[in-house]
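When reading the values below, keep in mind they use all heavy atoms of this one structure, side chains included, and skip hydrogens, waters and symmetry mates.
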Amino acid sequence: MYNILIGGAAGDGIETTAAVLKKTLKHLGYNVFSIRDFMSRVRGGHNFNKIRFGSEPVHSHARELDGLIAINEESFHLHKDDLKENGFIICDPSLLIDHGNLIKLDFKSLAKEAGNPRAGGSVIIGAVLSLYGLDLKKAEESFRDYFPEPILQANLNALLYGYRAVEKKYHADKGQDLSNHIRINGAEAMSTGALAGNMRFYSAYPMSPATTILNYFNGVKEEANIVVEQAEDEIAAVNQAIGAFSAGARAMTGTSGGGFSLMVEAIGLAGIAEIPLVIANVQRPGPATGLPTRTEQSDLRFVIHAAQGEFPKMVISPQNHRELYHQSWRAFDIAEKYQIPVILLSDQFLADSSSVIPIQDMLDHKDYLVKKLEQTDTIEVDEDGVYKRYQYTDTGISPLKYYGNKDYLIRLDSDEHTEYGVITESADVRNQMVRKRARKLELLKEELIEPIFVGDENPEILIVGFGSTYESIKGAIETLNARGNGKYAFLSFGDVYPLPTKKLLKYSNRATRVVSIEQNYNGQLAGIIREETLIDCRPAFLKYDGRQMDSEEIIAALETLEKGVK
Amino acid sequence: MYNILIGGAAGDGIETTAAVLKKTLKHLGYNVFSIRDFMSRVRGGHNFNKIRFGSEPVHSHARELDGLIAINEESFHLHKDDLKENGFIICDPSLLIDHGNLIKLDFKSLAKEAGNPRAGGSVIIGAVLSLYGLDLKKAEESFRDYFPEPILQANLNALLYGYRAVEKKYHADKGQDLSNHIRINGAEAMSTGALAGNMRFYSAYPMSPATTILNYFNGVKEEANIVVEQAEDEIAAVNQAIGAFSAGARAMTGTSGGGFSLMVEAIGLAGIAEIPLVIANVQRPGPATGLPTRTEQSDLRFVIHAAQGEFPKMVISPQNHRELYHQSWRAFDIAEKYQIPVILLSDQFLADSSSVIPIQDMLDHKDYLVKKLEQTDTIEVDEDGVYKRYQYTDTGISPLKYYGNKDYLIRLDSDEHTEYGVITESADVRNQMVRKRARKLELLKEELIEPIFVGDENPEILIVGFGSTYESIKGAIETLNARGNGKYAFLSFGDVYPLPTKKLLKYSNRATRVVSIEQNYNGQLAGIIREETLIDCRPAFLKYDGRQMDSEEIIAALETLEKGVK
Amino acid sequence: MFNQKYTSTQTQWCPGCGNFSILAAIVDVMNEMNIPKNEVLFMGGIGQAAKLNQFIPGNGFSGLHGRILPAALGVHAANPELKIIINTGDGDSYGEGGNHLIHTIRRNPDIAHFVHNNQIYGLTTGQPSPTTDVTDGIDGAMNSSIPLSPLNLALACGATFVARGFTGDREQLKEIMKAAIDHKGYALVDILQPCVTFNKVNTFKWYKDRVKPVDHSHNVQDKEAAIKLAGTWGEEIPTGILYQVERPVYTQRRPLLSRGVIPSREEITSKEIEDRLKLFI
Amino acid sequence: MFNQKYTSTQTQWCPGCGNFSILAAIVDVMNEMNIPKNEVLFMGGIGQAAKLNQFIPGNGFSGLHGRILPAALGVHAANPELKIIINTGDGDSYGEGGNHLIHTIRRNPDIAHFVHNNQIYGLTTGQPSPTTDVTDGIDGAMNSSIPLSPLNLALACGATFVARGFTGDREQLKEIMKAAIDHKGYALVDILQPCVTFNKVNTFKWYKDRVKPVDHSHNVQDKEAAIKLAGTWGEEIPTGILYQVERPVYTQRRPLLSRGVIPSREEITSKEIEDRLKLFI
Ligand SMILES: Cc1ncc(C[n+]2csc(CCOP(=O)(O)OP(=O)(O)O)c2C)c(N)n1
Ligand SMILES: Cc1ncc(C[n+]2csc(CCOP(=O)(O)OP(=O)(O)O)c2C)c(N)n1
Ligand code: SF4
Ligand code: SF4
Ligand SMILES: [Mg+2]
Ligand SMILES: [Mg+2]
């Protein structure tokens, strides 16, 4: 496994360089996992991409670097300490950098020579490939795929010049055949998952780190047969999605915390009017504007309790790109079956990172299928044609129809209402309706997906976590268990509200201690577990500086914890 | 104690009749507690007022009626079952009502005779006073105070005609001297409390049941020297209040759940920019539009977790009109000391009910004083004059100054920021700032007000509740303890987030069982207690039909619970 | 089949309220236009006016206060075959919902919108609304501000149909409504509606004494003239269709909809799912 | 005493961005107008434009995206002695914040508002904003809709100061800014600001070729003429103060403020507390 960082200022072109490098590595048969770390500005500042690749599957980032491509001096100073002893540094000769492993590469001049001063990134890619002795011909194929005709040749030249400029220095395992694998980032995984779930309407107001979803849908709207609406604000976005779903088009809106705040009232509308709705909240550190381009898991409690009053909703926090795909697909099935809002809680880390996954893993959706409702809907229609949209049923689920059908008319209502959707103030109807809606959540609890289990079947310490920290925590405890012959187990929650508790109860019974690892300050999951199960789960490691935790940090935290215990 | 209900349609004048009757009873020396039950419409439907009065203090409502004034037939049918055996019914002779205790009072004709067809309410009041043999002369004083000159005489006549139309039937204890008592409803108590807390700016968008606060402030704005702003929407309202407080005018906004939803984003702004803020959420049943003019306690979790990200805030749910006054006063002191948003969680029941309270109880604010900050603020100013608005301190509280002073300039920021209020992306500063803000909550925990304790010092069953259910639960367990020689204790939370736990831990240790009584479906307080203390508190009685629970219902529920236990 | 005639149920309004005329006009118009009930959706926000859809048995959607325009856009995008008719109050659409008004106008979706402008917040019992007439003095009403001219606002945003009606002129109102429903695009009809309970200034008589149907000679495509008429508010208040032009409607500007596809009827296939993923190989 | 000269710090903008000119103009204007730094508050929402206050050491308030106008109104009501200068983007003020724009105009508070109109969402990397030029065709940009004319919107709402500036004409821009700051009431200055990174249509040259200062003969009190100028957008784009009139300002319409009281300096007394309660006896 190799870990390379490309750092520079916004506007330096590191995004493009990283994109081409990742594509090329994949084409060369390597699994690639990459993350983006960037500031909330269009130019300047310090941004970087980390690209981890190897012949084995790779699903997480790591601190230690095999290589550092420093576009400016700042990038060198900020990251040089992470470099392994024999790691390389590539930089422009003009930079005032001093280091034993320096490879001075005059990529700007070489790019000019190659015929395009903006092809510096291709020079760098050539150099990297050469360092590992990778196949130039195959790399060229990938370039042909990426670059449009007018700039292709210059970039091919640049690749070659870079390749020639350095010597092979490292050995790389042979690449695999990855032609059945896709490389996808979180925004794409969530978006394509939604399309698989038959989403037909997406409305949003731009907001980092959720804008990439809007951009994706906008790019494919014509071929994917969907309507994409950029709304005037997030309140409009969510009400549009509710309107669309109420008329039978599966609809979604996406945003980050600030925009989600503005959607809160409408979530209650979906709740009481029982209109299905899918909302993606791609988290960033708050409160308020916070750190717009960074990551955090601090909206968990907020989204669970969003909106006045009480009504069923579901919150899912997918753990990696594969889960993002399946869970956003499933979100639509859940939303429509239960007629509830479903919140997909992702974060900047997941959204902007990418990984390589066998296509079959994506196509195989059977673990995420929603049970068919075993209920015969007898639709009761009054003399005017209005049907019992909110009919009392054992499951709490009433027959769901959409506008436009000749056989019945439909009334939807944000006020408390009768079975026919007419405003009421009856205490009796109110009681019935509250209970009817609540029954849906009880039913949903029966088909929750239990957390992913990793580790020792009889652990001393049971770790719990949710969402995007999955791969890093998994990596950490696998390492720790390997060292110490087992001791740790880990439950990673994807379905997080309502909270599935079977595995939690089973393994917590076996463990001497249950601790959480979370990317927030309050240990919110631990609190939910205390509330739901009375298991005295306390945070073991919390991180809230906007940077995603890696396995090494988690190992360190768990080692400290152990010392504290002993 | 006597309990009279006046029922009719919206527009029938029952509000005025009730207002005059309450005022008159108070003037006659009776403690009066009244509630309003009305529909979300301007005309028609069924509304009623319940007026409970007596020479002893009275702070809660009750089901059983001593008298029923039925303006229309519906009122009779809906409430006749609550009438005590020898209770009276007053109605117009034209109504088709049949009942043994009927007093047919032709108040419409009598009003016309009296000189004003709209003085029917005064006829009814005369009749009620006469039934109890109360002092007509004193009642007239109260009328003189209430009615403006042009309609006074007709109403005095009407009072007299009504008085003469019926005979004394009941005995009433002698009235007390209540000239040192005020009669105040919840909206007024909250508003005057805010004024006592030096509130200078109130912004709101009308929303039931919080509109009465806006109306009150608007009415007194000139004498009270405050600015009252009707905003274009709730987002504007809360941002205005934040702006005003950031410039040194103590500011508040008020709304109900739907409007609160729209304020959520700005609560985070107050949180990260550390701008003090007071928000009143006068709860009604949700979700969404729900039941606009009714009551519920279902926003507890929602307001605690409102807004993305994590930051300290406080939630207070005052228990009665006296608490409303003191707590809204205190809210400003807390908000400004800790530079946090403080949420006053009231509800329609409290807002629209009224009670009689010794003025001294209101003036005596010493139990609600906020400790002075023992911190010497050394204000650090840079060369441009900008001071360390967000200086790191042990308490987490940074020196708070307002714009306009010649000695320093101030930068406030919704992004993460340095001590000087400049945008930053530093992981280190981020960590420090998150912890600095969190320390404020730790300090606040040291001066929370513990819940009100009522009942047996060594209870079998410990009941917990919060906010407006206080008086009803208190009444119930006093009754039960009196019957059974004690067994119940009750902790009523006013400060509810952060949760004060001293008394809870103490009494729960003594009790065999801890249960909650709440006006919501989920038992939200019980959940918070589980999360915070791991005490297995489960709801014993939950009500969510929009009507405030009374002592009798609670007694019934607790008796059922006991049976279940044995 | 159920009863296809449009009717109304009992309402929750005050006797004498102008809303009755609007409801009656709508029921008439719908019957006269003969659009099948299942093809019509009555939508509203929250308020006395917005309750109107509760009083017509038919397809109905009572959304949030101020937010019905985006919900309507969503419905329209999902199924453009539905004829959407919105009723809201002045507080709802010009106060809370102001931003949606601006931007819905810009999109020009095929929706008819009737604002019952009683110049007051009715359901919350009488606060001034954005259209409340106030003087330039100190706090005439609760909060004096320059009153909003909703029709001028609409014209400034590029509205394609702008009209003013009055509950006291049922025939004209019906004509306007029909034209609004027939109009290809977003049609804003501001209806002067007396609120007998809370608005003691702009009473039926007050309006009656001032309203004056626009001249037949008025060219509805003359924007300057329309702006003048929309801004005329005093001794005389012009009523009628002030402005009407054709511009591309929403469905013509969105690729999928411009092809006539009804999104709510689309189903994705396994092949499409697989093909999309393959793009990431 | 600290340095009373206005300066700017390093910015976060792209080289060549029109925002630099606006920042430079503001620093100049403030120095030339000589208002003590502690009496000025620079406010902004969120966006590239809104960051401006971060680059002037002085009183600053960076609020929420779209919500700075109500926050500014609150500051103004608490302490009308502060001179408030707002910088925001077109997305911020015409998109997310549209409703506040309408209703702030109606209140006419004494606030100067500079909108950096780059016709694009800059900070979120290039989505169309409400002012993005699009054709009537299918989805030219991400979402085509009739572009908003912010100055016409303002005029329709009763704005008392409406101007258009251009970053390429620093002198005129400074004159407009000074007049806006001096204006008693809400002053909206829409500034054409090239975004070199994302707006490839409305470039510096594009604007330069079109802008034309309004004639000196233009009567700024002539609303009809102002509406025409505001709506002129094509081969020619008029710049300058298009409209300016006097109307009562916010502080004159609110009772307490009209008496000259500064709310942030008031303190309640025990006697007032008691007297208020006694009213309930
Ligand atoms: C978010 C939100 N804020 C406030 C309200 C309360 N509310 C209900 S109706 C209404 C105003 C009604 O005025 P208008 O829209 O003019 O309708 P009218 O009753 O006059 O017909 C308000 C403020 C609400 N339901 N939701
Ligand atoms: C509630 C909310 N929604 C969305 C955003 C994300 N956001 C930040 S800046 C911006 C738009 C910037 O465009 P504009 O206001 O025109 O400013 P510019 O960057 O072009 O100067 C958006 C949508 C946010 N911060 N808050
Ligand atoms: S309050 Fe006014 S608008 Fe509402 S029903 Fe009564 S008269 Fe009509
Ligand atoms: S993105 Fe555009 S507006 Fe933002 S700094 Fe760059 S050039 Fe300026
Ligand atoms: Mg109205
Ligand atoms: Mg912009």
Side-chain angles (χ1 to χ4, degrees), chain C residues 66 93-109 130-132 134-160 185-186 223-224 227-228 230-231 246-259, chain D residues 66 93-109 130-132 134-160 185-186 223-224 227-228 230-231 246-259:
Chain C
S93 289
Y94 306 147
E96 187 89 44
N99 205 33
H100 310 308
L101 182 66
I102 298 176
H103 296 284
T104 301
I105 289 172
R106 295 179 46 234
R107 292 188 184 94
N108 202 29
T131 52
T132 298
V134 289
T135 60
D136 268 356
I138 297 173
D139 218 20
M142 182 176 309
N143 265 17
S144 44
S145 295
I146 302 166
L148 185 73
S149 165
L151 300 184
N152 281 123
L153 177 79
L155 288 166
C157 295
T160 57
Y186 173 76
K223 191 146 175 179
E224 259 178 63
I227 291 176
K228 226 181 206 130
E246 271 209 28
R247 274 190 91 159
V249 293
Y250 178 76
T251 47
Q252 290 173 300
R253 289 165 177 268
R254 297 290 178 272
L256 183 67
L257 300 173
S258 70
R259 300 201 316 259
Chain D
S93 289
Y94 307 146
E96 185 89 45
N99 205 31
H100 310 308
L101 181 67
I102 299 176
H103 296 284
T104 300
I105 290 172
R106 294 179 48 235
R107 291 186 185 97
N108 201 29
T131 54
T132 298
V134 289
T135 60
D136 269 355
I138 296 171
D139 218 21
M142 181 175 306
N143 264 16
S144 46
S145 294
I146 301 167
L148 185 71
S149 165
L151 300 184
N152 281 123
L153 176 79
L155 288 166
C157 294
T160 58
Y186 174 76
K223 193 150 177 176
E224 260 178 62
I227 291 176
K228 226 181 207 129
E246 271 210 28
R247 275 190 91 158
V249 293
Y250 178 75
T251 48
Q252 290 172 303
R253 289 162 177 269
R254 297 293 177 270
L256 184 67
L257 300 173
S258 70
R259 300 200 317 259

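Residue contact with chain D, scored on non-hydrogen atoms closer than 4.5 Å, involves the side chain of E224(C) exclusively. The part of Y94(C) that comes within reach of chain D is its backbone (N, CA, C, O), which places non-hydrogen atoms under 4.5 angstrom from that chain. Using a 4.5 Å cut-off between heavy atoms, K223(D) makes no contact with chain C at all.
In this structure the side chain of P130(D) reaches within 4.5 angstrom of the side chain of H103(C), judged on heavy atoms.
With chain D as the partner, the residue from G231(C), A156(C), A230(C) showing the most heavy-atom pairs under 4.5 Å is A156(C). Residue with the most contacts toward chain C among L101(D), L148(D), L257(D): L148(D) (heavy-atom pairs, distance under 4.5 Å).
Taking CG of N99(D) as the start and CD1 of I102(C) as the end, the distance is 7.0 Å to the nearest 0.5 Å. In this structure, the separation between CD1 on I105(D) and OG on S145(C) is 12.0 Å, given to the nearest 0.5 Å. Note: I227(C) CD1 to N152(D) CG = 7.0 Å, rounded to the nearest 0.5 Å.
Here the side chain of R254(C) pairs a donor or acceptor atom with the backbone of S144(D) at under 3.5 angstrom.
Minimum heavy-atom separation, G158(D) to I146(C): O-CD1, 3.5 Å.
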